[in-house]
J.: 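Just dropping this structure here.
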Amino acid sequence: MVNINESDPHLCHMTEKFKQPTTAAIKFMDPLEHFRVKDGLEINIFKAVNTKEDLRRSQDGNFHIIQTYITMSQTEKREPVTETSSGTPVPLSDWLDTVLQTDKGIQIHFLTAEAITPAIQIINERRMQLQRPVFLGGNVMSKDGQNEINVKRFIELASLIPDVTLSFGFDTNDEPCGIGTLQTLWNLVEKLMQPINIRVPVHILKKSWARVKWLTEKSERITVTIFEKENSVQESSYEYDLLLVRNDFSRRRLYFDLPESRLQKLRKLAVTAGRAIDFFDLQDASKIIWSHATNTKEKLRDALQGHTMMIEADILLQAQGTMNQTNVPVMSHPPSVYSDLTFEEWIDTILPIKNKGVKLDFKSLEAVEPTLSILNRRRLLVNCPVWINADILQGPNGPPVIMKADVFLQYCLKLFPEATLSLGWTTGAKKENETPVYTREQMTEIHQICKNLNQPVTFPVRAAFVRDSWEHLDWLLQQSRGYTLTVWTSGLDTVKKADMDFIYRQTENHRIYFDLPNELMPDSIF
């Protein structure tokens, strides 16, 4: 186990040299506020700026924060310098003086404990010029299971510059962040006033996230940076691991130290498959405004002109099941199989609007492939949330399923994987003196289908059954942080608003959407 409390005699002798910070306090610079952005995904970090050439390129580029790695020089002078495998190291004092002439933020990652004390002294001498975001830190745990910096001594020294964020990394091979290490780290930083940043490599992100999230819930001061190790080989699901975390955390507290090509893919994915509340700049999923069964030109026009956020519509083939059936997907709900609005017209009308999301509710398996093929051809134009919905299992009082789950998912993953999958159950109206529920067996069955999907999944559930089914629905939500619920109702149902208020209070407000009439919408606590 890593001991992050032991003393470091190499550091102790210099503490008294600058124990008192300057009296003029500099307000901590929040990166998002400083750079006037709303989302940590918009922050660009220039990684490993360790040579004079790197410094020149970083100043010319569109970057917010310049990062370097600091060690001790091996020359007679023995001073903090940048770590570089090629080129001449730059003394930290020169590096700082160059960067401080720009408006860029600063991220300094210490590779050795020996460099910390003289480096902190150099930084402290320039404190009045630091009016920008500054991150200082190192690895709590590295590849060999040891800490590269002495955390306790680093905190003691870095706290003398209260205007910076303290950054702690986990640069391990495959071992996830240990709860014991995180607990010890929290014990050390709990009483600090400074912001704390936790750096997690993407290759251990998925298996570490539950523990890291536990730490972030201790304080709003704690942010997370996800980074990719140099020359590392990542799995094809890389962006979806990032999306899982982004969809489960505040976008203002999450940063990405990744190659630009990766960032571009993630930015696109975060729009089409990200949380709808982030797209619409909301904190609460119950505040999403829905347009239901938007299957005609008139209803679509009203939805586009009004306050609707998510536009839901039903899709089948023109003249589905008749002698006149075509392969043209249209907007219609059975028993009607004709429409004046094709899917192609529908989506081409919505995409230029920019501030509307779409939910595609498939009523036939035959309509899935031609519809998603149309969407696939427009993928570069899709800059809004996309939900793809189908009833893939039989639920309470439900008729037999017409949608084959494996075939439906195959089309989704092949033709438009960059979406939220909305996977539900067929249901029927509640009968007199009956209490139908979603059962644990139904929850287990759908979890078995969804557990290996990379995409976020929302489960549409019928409002009339939700209160009595909550124990089982809650179990389902606990199986993955990528799961959410969407509560809907039918005109045939009697639904109590008190039941919706109950459900709303049972879990985090970004994990349950309510597609309901206004009179049934739950009351916000705040």
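These figures come from a predicted structure and were not determined experimentally.
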J.: Between Arg511 and Asp474 (salt bridge meaning N to carboxylate O under 4.0 Å), is one present in this structure?
T.: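 Answer for the salt bridge query: no.
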
J.: Tell me if the centroids of the rings in Phe249 and Trp209 come within less than 6.0 Å of each other.
T.: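 Ring centres of Trp209 and Phe249 closer than 6.0 Å.
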
J.: Please determine if Asp348 and Arg378 form a salt bridge, counting it only when a charged side-chain N lies under 4.0 Å from a carboxylate O.
T.: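 Yes, charged N to carboxylate O under 4.0 Å.
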
J.: Does the side chain of Leu100 reach to within under 4.5 Å of the side chain of Ile106, using non-hydrogen atoms?
T.: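 Yes, their side chains come closer than 4.5 Å.
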
J.: Can you tell which of Thr117, Ile122, Ile116 makes a side chain to side chain contact (heavy atoms under 4.5 Å, CB included) with Ile120?
T.: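 Going through Thr117, Ile122, Ile116 one by one, the side chain to side chain contact (heavy atoms under 4.5 Å, CB included) with Ile120 is satisfied by Ile116 alone.
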
J.: With the threshold set at 4.0 Å, does a side-chain nitrogen-carboxylate oxygen contact exist between Asp97 and Arg126?
T.: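 Result for this pair is yes, salt bridge flagged.
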
J.: For Arg132 and His64: C-alpha separation, side-chain torsions, deciding distance, then whether side-chain contact (heavy atoms from CB on, under 4.5 Å) applies.
T.: CA-CA 10 Å; Arg132 67 198 67 218; His64 298 98; over 6 Å; no

J.: Is there a side-chain contact between Thr216 and Ile198 (heavy atoms, below 4.5 Å)?
T.: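 The answer is no, as the side chains (C-beta and beyond) never meet within the 4.5 Å cut-off.
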
J.: Is the backbone of Gln67 close enough, under 3.5 Å, to the side chain of Lys47 for a donor and an acceptor to pair up by distance?
T.: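 Answer holds: no.
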
J.: Using only heavy-atom distances, determine whether the side chains of Asn197 and Thr225 contain a donor-acceptor pair under 3.5 Å.
T.: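 Judged by distance alone, the side chains do pair up.
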
J.: Which residues satisfy the salt bridge (Lys or Arg N to Asp or Glu O under 4.0 Å) test with Glu220, sequence neighbours excluded?
T.: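 Partners of Glu220 under the salt bridge (Lys or Arg N to Asp or Glu O under 4.0 Å) test: Arg253.
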
J.: Do Asn509 and Lys287 pair up side chain to side chain, a donor and an acceptor below 3.5 Å, judged on atom types alone?
T.: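 Side-chain D/A pair, Asn509 to Lys287: absent.
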
J.: Run Thr349 and Leu304 through side-chain contact (heavy atoms from CB on, under 4.5 Å) and show every step you take.
T.: CA-CA 9 Å; Thr349 303; Leu304 293 176; 3.5 Å; yes

J.: Nearest 0.5 angstrom please: Glu260 CD to Leu263 CG, how far?
T.: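 So the gap between those two atoms works out to 5.5 Å.
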
J.: Report the C-alpha distance between Glu418 and Tyr240 in whole Å, list the side-chain angles of each, state the deciding distance to 0.1 Å, and finish with yes or no for side-chain contact (heavy atoms from CB on, under 4.5 Å).
T.: CA-CA 9 Å; Glu418 308 93 342; Tyr240 289 94; 4.2 Å; yes

J.: On the ring face of Tyr238, is Arg262 found with NZ or CZ under 6.0 Å from the centre and within 45° of the axis?
T.: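 The answer is yes, since Arg262 meets both limits relative to Tyr238.
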
J.: Would a distance-only check, ignoring hydrogens and angles, find a side-chain to backbone donor-acceptor pair under 3.5 Å from Ser73 to Glu79?
T.: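 The answer is yes, because a donor-acceptor pair under 3.5 Å joins these two groups.
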
J.: Is there a side-chain contact between Glu228 and Phe256, using heavy atoms and a 4.5 Å cut-off?
T.: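 Result no, sub-4.5 Å side-chain heavy-atom pair not found.
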
J.: For the ring pair Phe135 and His109, is the centre-to-centre distance below 6.0 Å?
T.: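 No, ring centres 6.0 Å or more apart.
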
J.: Give the intermediate values and the outcome of salt bridge (charged side-chain N to carboxylate O under 4.0 Å, His left out) for residues Asp94 and Lys52.
T.: CA-CA 10 Å; Asp94 294 346; Lys52 290 183 178 180; 6.0 Å; no

J.: Will you find, in the side chains of Thr84 and Thr51, an N or O donor that is under 3.5 Å from an N or O acceptor?
T.: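 Not at all, the side chains of Thr84 and Thr51 share no donor-acceptor pair under 3.5 Å.
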
J.: Is Glu114 salt-bridged to Arg78, cutoff N-O under 4.0 Å?
T.: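 Yes.
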
J.: Can you check whether Gly274's main-chain N or O pairs, donor with acceptor, with Asn247's side chain at less than 3.5 Å?
T.: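 Here the side-chain-to-backbone pair does not exist.
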
J.: I want to check something: taking the side chain as every heavy atom from C-beta on, are Lys356 and Cys384 in contact at a cut-off of under 4.5 Å?
T.: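 No, every pair of side-chain atoms sits at 4.5 Å or beyond.
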
J.: Looking at Lys38 and Asp281, is any side-chain nitrogen of the basic one under 4.0 Å from a carboxylate oxygen of the acidic one?
T.: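 Salt bridge present between Asp281 and Lys38.
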
J.: Go through the steps to decide whether Thr184 and Thr181 satisfy the test side chain to side chain donor-acceptor pair (under 3.5 Å), and finish with yes or no.
T.: CA-CA 5 Å; Thr184 305; Thr181 301; over 6 Å; no

J.: Looking only at atom types and distance, does a side-chain atom of Arg252 sit under 3.5 Å from a main-chain N or O of Leu32, one as donor and one as acceptor?
T.: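 Side chain of Arg252 to backbone of Leu32: no pair is present.
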
J.: What I'd like to find out is whether the side chain of Leu375 reaches to under 4.5 Å of the side chain of Leu415, using heavy atoms alone.
T.: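 No, every pair of side-chain atoms sits at 4.5 Å or beyond.
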
J.: Before you tell me yes or no, could you show the steps for Asp241 and Arg246 under salt bridge (charged side-chain N to carboxylate O under 4.0 Å, His left out), namely the whole-Å CA-CA distance, both residues' side-chain angles and the distance that decides it to 0.1 Å?
T.: CA-CA 9 Å; Asp241 290 348; Arg246 178 179 163 83; over 6 Å; no

J.: Looking at side-chain heavy atoms only, is the closest gap between Thr484 and Ile512 below 4.5 Å?
T.: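 No, their side chains stay 4.5 Å or more apart.
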
J.: Quick one about Glu83 and Asn50 (side-chain donor to acceptor, distance below 3.5 Å, no hydrogens or angles considered), yes or no?
T.: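 Judged by distance alone, the side chains do not pair up.
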
J.: Take Arg267 and Glu42 through the salt bridge (charged side-chain N to carboxylate O under 4.0 Å, His left out) test and state the conclusion after the steps.
T.: CA-CA 9 Å; Arg267 286 170 181 149; Glu42 298 179 56; over 6 Å; no

J.: Name all residues meeting the side-chain hydrogen bond (donor to acceptor under 3.5 Å, both in side chains) criterion together with Asn187; count only those two or more places apart in sequence or in a different chain, and write none if there are none.
T.: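 For Asn187, the residues satisfying side-chain hydrogen bond (donor to acceptor under 3.5 Å, both in side chains) (neighbours in sequence not counted) are Gln183.
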
J.: Walk me through it: do Leu258 and Ile45 pass the test side-chain contact (heavy atoms from CB on, under 4.5 Å)?
T.: CA-CA 8 Å; Leu258 304 172; Ile45 301 172; over 6 Å; no

J.: Establish, from distance only, whether the side-chain atoms of Thr308 and Ser291 form a donor-acceptor pair under 3.5 Å.
T.: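 Result is no, nothing qualifies.
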
J.: Is the Tyr513 ring parallel, tilted or perpendicular to the Trp387 ring (thresholds 30°, 60°)?
T.: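 Answer is perpendicular, since the angle exceeds 60°.
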
J.: Any side-chain donor paired with an acceptor under 3.5 Å for Asp284 and Tyr504?
T.: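 Distance-only check passes for Asp284 and Tyr504.
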
J.: Check this for me: does any side-chain nitrogen of one of Lys152 and Glu156 sit under 4.0 Å from a carboxylate oxygen of the other?
T.: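 No, no charged N to carboxylate O under 4.0 Å.
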
